[in-house]
S.K.: 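Structure incoming, see below.
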Amino acid sequence: MRVVVGISGGSGAIYGVALLKILQELNIETHLVVSTLGEYVVEHECGIKLEELKGLATHFHENKDLAAPIASGSFKTDAMVIVPCSMKTVSAVANGLSDNLLTRAADVIIKENRKLVVVPRETPLSQIHLENMLKLSRAGVTVLPPSPGFYSHPETIGDIVSGIVARILDQIGIEHNLITRWGE
């Protein structure tokens, strides 16, 4: 499997880092692209510099490199996850603005009818945010807000993060054992 992981500037970088770590553990090929603010948020929230983040991915692509393989539909990928996904990125993808690699790669995923999952991070949501997410949903994108469930009685932030990452993996069809499923 080949998965594109985008990290943009919304809070919640811990989810992107955790996703990269589990994909690495599962030996899944990843292509990482990070926005400028995404890089800042990962360092600010997680204490991880870009060089360390790059080490969690199979391949890293500069956000300004619109000639990268993931910018082309002929480069076969199975899915893309943007986590966290800022409202700026939600808006750009929803409106076809492909002015950087992160948004171009998402545009390619949509046009090629592949699986795109966006994990938006904003609260409260304005009517504009909701309209953009509805536009994405109508285009076949999975909008997966990082809203944790507490029925599993999480004890740590790590448990909460694992629950969200598990939901992301479920959406892109990757088997895992991060959580105990309801009824098991």
Side-chain angles (χ1 to χ4, degrees), residues 1-10 12-13 15-24 26-39 41-42 53-54 56-122 125 128-146 164-176:
M1 213 173 169
R2 183 182 280 166
V3 178
V4 178
V5 176
I7 295 178
S8 68
Y15 298 115
V17 170
L19 177 64
L20 284 168
K21 285 179 178 178
I22 191 70
L23 292 173
Q24 188 178 57
L26 294 172
N27 223 14
I28 292 173
E29 180 181 337
T30 54
H31 289 259
L32 174 64
V33 60
V34 182
S35 73
T36 302
L37 280 176
E39 179 181 346
V41 173
V42 168
L53 188 64
K54 288 179 186 180
L56 297 176
T58 314
H59 304 278
F60 175 78
H61 306 283
E62 294 289 340
N63 196 29
K64 60 185 169 234
D65 184 9
L66 289 170
I70 60 173
S72 173
S74 67
F75 184 74
K76 297 291 277 181
T77 58
D78 297 290
M80 179 175 183
V81 180
I82 306 174
V83 54
C85 190
S86 68
M87 286 300 124
K88 176 184 176 185
T89 301
V90 165
S91 178
V93 175
N95 291 287
L97 180 61
S98 299
D99 65 343
N100 60 53
L101 184 57
L102 180 59
T103 57
R104 171 61 187 164
D107 187 50
V108 166
I109 293 289
I110 293 169
K111 80 177 186 71
E112 296 294 331
N113 292 309
R114 298 177 188 151
K115 190 69 179 177
L116 174 60
V117 176
V118 297
V119 183
R121 174 54 190 100
E122 190 61 75
L125 296 167
I128 295 167
H129 300 148
L130 293 167
E131 287 173 355
N132 283 329
M133 288 188 284
L134 179 58
K135 210 183 260 193
L136 289 176
S137 180
R138 287 181 174 151
V141 175
T142 299
V143 179
L144 195 153
I164 298 301
V165 171
R167 300 301 298 260
I168 293 168
L169 294 173
D170 287 349
Q171 288 301 307
I172 60 176
I174 295 176
E175 292 296 320
H176 60 85

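Computed from heavy atoms alone, side chains included, the values below leave out hydrogens, waters and symmetry copies.
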S.K.: Do Leu130 and Met133 make a side-chain contact, defined as non-hydrogen atoms from C-beta onward lying under 4.5 Å apart?
M.R.: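 Touching, per the 4.5 Å side-chain cut-off.
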S.K.: Taking the side chain as C-beta and beyond, is there a heavy-atom pair between Leu19 and Leu169 under 4.5 Å?
M.R.: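 Side chain of Leu19 against side chain of Leu169, heavy atoms only: contact under 4.5 Å found.
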S.K.: With sequence neighbours excluded, what pairs up with Ser35 under the side-chain contact (heavy atoms from CB on, under 4.5 Å) test?
M.R.: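 If we apply the side-chain contact (heavy atoms from CB on, under 4.5 Å) test to Ser35, skipping adjacent residues, the hits are Ser8, Leu37, Asn63, Leu102.
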S.K.: Mind listing the closest non-hydrogen atom pair of Pro69 and His61 along with its distance?
M.R.: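 Between these two residues, the closest heavy atoms are CD-CE1, 3.8 Å.
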S.K.: When you look at CD1 of Ile128, are more than 12 heavy atoms from neighbouring residues, nucleotides or ligands closer to it than 6.0 Å?
M.R.: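 At most 12 heavy atoms, drawn from other residues, nucleotides or ligands, come within 6.0 Å of this atom.
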S.K.: Would you say that Thr77 contacts Val108 through its side chain, given a criterion of any heavy-atom pair below 4.5 Å between the two side chains?
M.R.: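 No, their side chains stay 4.5 Å or more apart.
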S.K.: Below 4.5 Å, heavy atoms only, C-beta onward: do Ile174 and Ile168 meet side chain to side chain?
M.R.: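 When only atoms from C-beta onward are counted, Ile168 and Ile174 do not touch, as no gap falls below 4.5 Å.
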S.K.: Just jot down the salt bridge (Lys or Arg N to Asp or Glu O under 4.0 Å) partners of Lys135, sequence neighbours excluded, or say none.
M.R.: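 In terms of salt bridge (Lys or Arg N to Asp or Glu O under 4.0 Å), with neighbours along the sequence ignored, Lys135 is linked to no residue.
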S.K.: Residues in side-chain contact (heavy atoms from CB on, under 4.5 Å) with Val41, at least two apart?
M.R.: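 With sequence neighbours excluded, Val41 shows a side-chain contact (heavy atoms from CB on, under 4.5 Å) to Ala13, Glu45, given in chain and number order.
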S.K.: Does CZ belonging to Arg167 count more than 12 external heavy atoms closer than 6.0 Å?
M.R.: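 Open.
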S.K.: Does anything in residues 83-122 form a ring pair (Phe, Tyr, Trp, His ring centres under 6.0 Å)? List the pairs, not counting sequence neighbours.
M.R.: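 Found none.
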S.K.: Is any side-chain heavy atom of Leu56 closer than 4.5 Å to one of Leu32?
M.R.: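 They are not in contact (no side-chain heavy atoms under 4.5 Å apart), so the answer is no.
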S.K.: According to ring pair (Phe, Tyr, Trp, His ring centres under 6.0 Å), does anything in residues 67-90 pair up with another residue at least two apart or in another chain? List the pairs.
M.R.: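 Ring pair (Phe, Tyr, Trp, His ring centres under 6.0 Å) check on residues 67-90 returns His31-Phe75.
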S.K.: Donor-acceptor pairs under 3.5 Å, side chain of residues 78-93 to any protein atom, not counting sequence neighbours: which ones?
M.R.:
from, atom 1, to, atom 2, distance (Å)
Asp78, OD2, Arg2, N, 2.7
Ser86, OG, Thr89, N, 3.1
Ser86, OG, Thr89, OG1, 3.1

S.K.: How long is the span from the CD atom in Glu175 to the CG atom in Leu26, to the nearest 0.5 Å?
M.R.: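 CG of Leu26 is found 10.0 Å from CD of Glu175.
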S.K.: In the structure I gave you, are the side-chain heavy atoms of Glu112 and Lys76 within less than 4.5 Å of one another anywhere?
M.R.: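 The answer is no; the side chains never approach within 4.5 Å.
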S.K.: Contact between Thr142 and Lys115 at the side-chain level, heavy atoms closer than 4.5 Å - yes or no?
M.R.: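 The answer is yes; the side chains approach within 4.5 Å.
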